[in-house]
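To find a chain, count down the sequence lines: A is the first, B the second, and so on, and within it residues start at 1. A quick note: this is a predicted structure, and the numbers were derived from the prediction, not measured.
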Amino acid sequence: MFRAMPELAEVEYFRRQWNAGIGHRVIKIALHSGKRIFRGTNTRALPEELAGAHLLTSEARGKRMLFRFSNENWLGLHLGMSGKMQAASPDFRPQKHDHLVLYQRERALVFTDARQFGRVQFHHGKTAPTWWDNGVPEIVSAKFNREFLDRFLDRHPKAPIKAVVLMQSGFSGIGNWMADEILWRARILPSKRAGRLGAGERNELFRATRFVARESLRIIGPDDSTLPRTWLIHERWRAGGICPRHKTVLRRATIGGRTTAWCPKCQR
DNA sequence: ACCCCTGTTCGGCG
DNA sequence: CCGCCGAACAGGGG
C-alpha cells in the first residue's frame with residue numbers, strides 16, 4: 001500500500017479530481033452539518049446558495065483550494081491530515097466521513113476527511129473571500145525569491161530551520177516530508193537555527209525548495225511511487241532507511257514538533 | 001492494546 | 001511583548 005502523495009502536490013492532484021465538474025451545474029448537496037469540518041461556516045446557506053449554481057473555476061494556493069461557482073458562490077477547502085477528494089458516480093451514497101457531496105447530473109464531487117483536521121469554508125459574495133489573499137507567494141512563482149527567503153529566515157532567527165520550512169506564511173504548501181526532502185537536498189541540519197544559516201546555505205535552501213516544489217507538481221500522481229528513486233521520501237519512514245547519496249543510515253528525531261529524518265553525514 | 005501519524009491552532013512559559 | 005513548544009483536535013492503521 002502506497003502512502004498518498006502529500007502536501008503541495010496532493011492538493012493539486014485532488015483539486016484536479018473535482019475539475020471534472022467544471023462547467024456543470026450542481027443539482028443538490030449532501031453535507032454533515034454540525035461537524036467540526038464546517039467550523040466557522042454557515043451550513044444552512046451553503047446548500048441553499050450552491051444548489052443550481054455552476055462550478056466555474058478552481059485554484060490552489062499552498063495547501064488551500066478555492067472553487068468558484070456562479071451566483072457569487074465560493075467554496076474553500078483544506079485537506080488537513082486525512083482529507084481526500086474524488087469525482088464519483090451520480091448515485092454516490094455518502095458514508096460516515098464523506099462530509100460534503102456536490103451532486104451533478106453526470107457525477108458526484110465528494111470531500112472526505114476522517115480526522116477532520118481539514119476545513120470547508122463557504123462564502124457568498126461578489127469577490128473572493130477575504131482569507132483567500134493572504135499575501136504569501138507561491139513557491140513556484142517569481143515572488144518567492146531570494147530576498148523573500150532572506151527576510152523570512154531573519155524573522156525567525158531562533159527557530160530550527162525545519163520548523164521555519166513548515167511555516168505556511170513563508171513556505172506555502174510545504175509539509176513534513178517535503179521539508180525533510182528540501183533540507184536533505186540543501187545539506188542543512190534540520191535542527192540548525194534559521195538565523196545561523198550562511199549565504200551559501202541560504203542559496204542551497206532556496207534552490208532545493210524551488211526544485212522539490214516544482215518537481216513534485218510536475219510528477220503529480222495519486223501516490224509517491226512516481227517520484228524518483230533517488231529522493232529521500234522513499235527512505236525516510238523505512239526502518240533502517242538510508243541516505244540515497246552514500247547509504248548512511250538516516251537519523252530520526254522530533255524537531256519543530258514533527259518527526260524528522262536526516263542524514264548525519266551530509267547534513268551539517 | 002498501544003503507539004504512530006503528511007496539519008494547524010492555541011495556551012503556557014521562558 | 002515575542003516566540004518557541006507541547007497539547008489538543010479525531011480517527012485509522014501498523
Side-chain angles (χ1 to χ4, degrees), chain A residues 1-15 32 34-41 60-65 76-85 94-99 111-121 131 134 136 139 151-184 190-196 209 212-213 215-217 219-227 231-241 250 252-262:
Chain A
M1 186 63 181
F2 292 113
R3 184 176 293 112
M5 184 194 260
E7 304 159 27
L8 193 64
E10 181 183 42
V11 169
E12 184 61 14
Y13 175 79
F14 284 124
R15 182 178 70 85
H32 295 156
K35 291 296 230 178
R36 177 184 156 78
I37 197 80
F38 291 108
R39 57 196 179 278
T41 218
R61 291 185 185 173
K63 298 172 188 170
R64 306 176 304 146
M65 286 169 276
L77 295 182
H78 194 293
L79 298 174
M81 295 269 269
S82 55
K84 296 170 172 46
M85 295 153 70
Q95 302 300 303
K96 185 181 178 188
H97 302 307
D98 304 322
H99 302 300
F111 176 88
T112 307
D113 186 358
R115 296 176 72 182
Q116 297 186 74
F117 289 1
R119 195 165 180 185
V120 176
Q121 285 175 286
W131 48 259
N134 62 2
V136 180
I139 287 168
R151 272 185 282 116
F152 193 71
L153 294 187
D154 291 341
R155 208 178 305 159
H156 306 282
K158 298 281 194 52
I161 187 62
K162 168 68 183 266
V164 176
V165 175
L166 286 173
M167 292 177 183
Q168 299 303 296
S169 51
F171 291 78
S172 185
I174 300 301
N176 204 19
W177 83 258
M178 286 182 102
D180 281 3
E181 194 78 46
I182 288 164
L183 294 175
W184 173 73
S191 57
K192 194 162 183 174
R193 306 276 146 176
R196 303 200 54 186
T209 302
V212 170
E215 283 298 285
S216 300
L217 286 169
I219 315 172
I220 189 168
D223 58 62
D224 62 26
S225 65
T226 50
L227 293 171
W231 283 33
L232 186 72
I233 186 172
H234 305 296
E235 297 291 331
R236 68 185 293 272
W237 293 121
R238 211 165 56 76
L250 299 175
R252 290 176 67 171
T254 299
I255 300 172
R258 318 299 302 184
T259 303
T260 302
W262 74 95

Query raised in the report: Looking only at atom C1', what distance separates B:dA1 and C:dC9, rounded to whole Å?
Result: 22 Å
Requested in this report: Quickly work out the A:D98 CG to C:dG12 P distance and round it to whole Å.
Outcome: 12 Å
Query raised in the report: In whole angstroms, how far is the P atom of B:dT6 from the CH2 atom of A:W231?
Result: 18 Å
Report summary line: Sequence neighbours excluded, the answer for ring pair (Phe, Tyr, Trp, His ring centres under 6.0 Å) partners of A:H156 is A:F152
Query raised in the report: Hey, is CZ on A:R196 packed in by over 12 heavy atoms from elsewhere, all under 6.0 Å?
Result: no
Query raised in the report: Which whole-number value in Å describes the distance from A:K162 NZ to C:dG6 P?
Result: 13 Å
Report summary line: In whole angstroms, the gap separating P of C:dC2 from CZ of A:R193 amounts to 20 Å
Report task. Using whole Å, report how far CD of A:Q95 lies from P of C:dG12. Result -> 12 Å
**Report entry** Main-chain N/O of A:M178 paired with A:E7 side-chain donor or acceptor, under 3.5 Å
**Finding:** yes
Query - Closest-nucleotide ordering on DNA chain C, the 5'-leading residue of A:P157 and A:Q116 - result: A:P157
Report task. Please list all pairs passing the salt bridge (Lys or Arg N to Asp or Glu O under 4.0 Å) test where one or both residues lie in residues 163-177 of chain A, with sequence neighbours left out. Result -> none
Requested in this report: Return one dot-bracket line describing DNA chain C 5' to 3' (Watson-Crick or G-U wobble pairs, both distances under 3.5 Å; ( ) same strand, [ ] crossing, | another strand, . none).
Outcome: .||||||||.||||
Report summary line: The single option from A:R36, A:K35, A:H32 that satisfies side chain to side chain donor-acceptor pair (under 3.5 Å) with A:H99 is A:H32
Query raised in the report: In chain order, what residues pass the side-chain hydrogen bond (donor to acceptor under 3.5 Å, both in side chains) check against A:T41, with sequence neighbours excluded?
Result: none
Requested in this report: Could you give the distance separating C:dG6 and B:dC4 at their P atoms, to the nearest angstrom?
Outcome: 15 Å
Requested in this report: Write down the distance between CD1 (A:I255) and C1' (C:dG6), rounded to a whole number of angstrom.
Outcome: 16 Å
**Report entry** Gap between atoms CH2 and P, on A:W237 and B:dC3 respectively (whole Å)
**Finding:** 18 Å
Query - Rounded distance (nearest 0.5 Å) linking atom NZ of A:K84 with atom CG of A:D98 - result: 11.0 Å
Between N or O atoms, less than 3.5 Å apart, protein on one side and nucleotides 7-10 of chain B on the other: list the pairs.
residue, atom, partner, partner atom, Å
B:dG7, OP1, A:K63, NZ, 2.8
B:dG7, OP2, A:N176, N, 3.3
B:dG7, N7, A:R258, NH1, 2.9
B:dG7, N7, A:R258, NH2, 3.0
B:dT8, OP1, A:H78, NE2, 2.9
B:dT8, OP2, A:K63, NZ, 3.1

Query raised in the report: OP1 or OP2 of C:dG12 sitting under 4.0 Å from any side-chain N/O of A:H97?
Result: yes
Query raised in the report: Which residues satisfy the side-chain hydrogen bond (donor to acceptor under 3.5 Å, both in side chains) test with A:R238, sequence neighbours excluded?
Result: A:E235
**Report entry** Trace of the side-chain contact (heavy atoms from CB on, under 4.5 Å) decision for A:L77 with A:V120
**Finding:** CA-CA 5 Å; A:L77 295 182; A:V120 176; 3.7 Å; yes
Report summary line: Whichever of A:R155 and A:T254 has the more 5' nearest nucleotide on DNA chain C, that residue is A:R155
Report task. Round to a whole Å and report the spacing from CZ of A:R252 to P of B:dC5. Result -> 7 Å
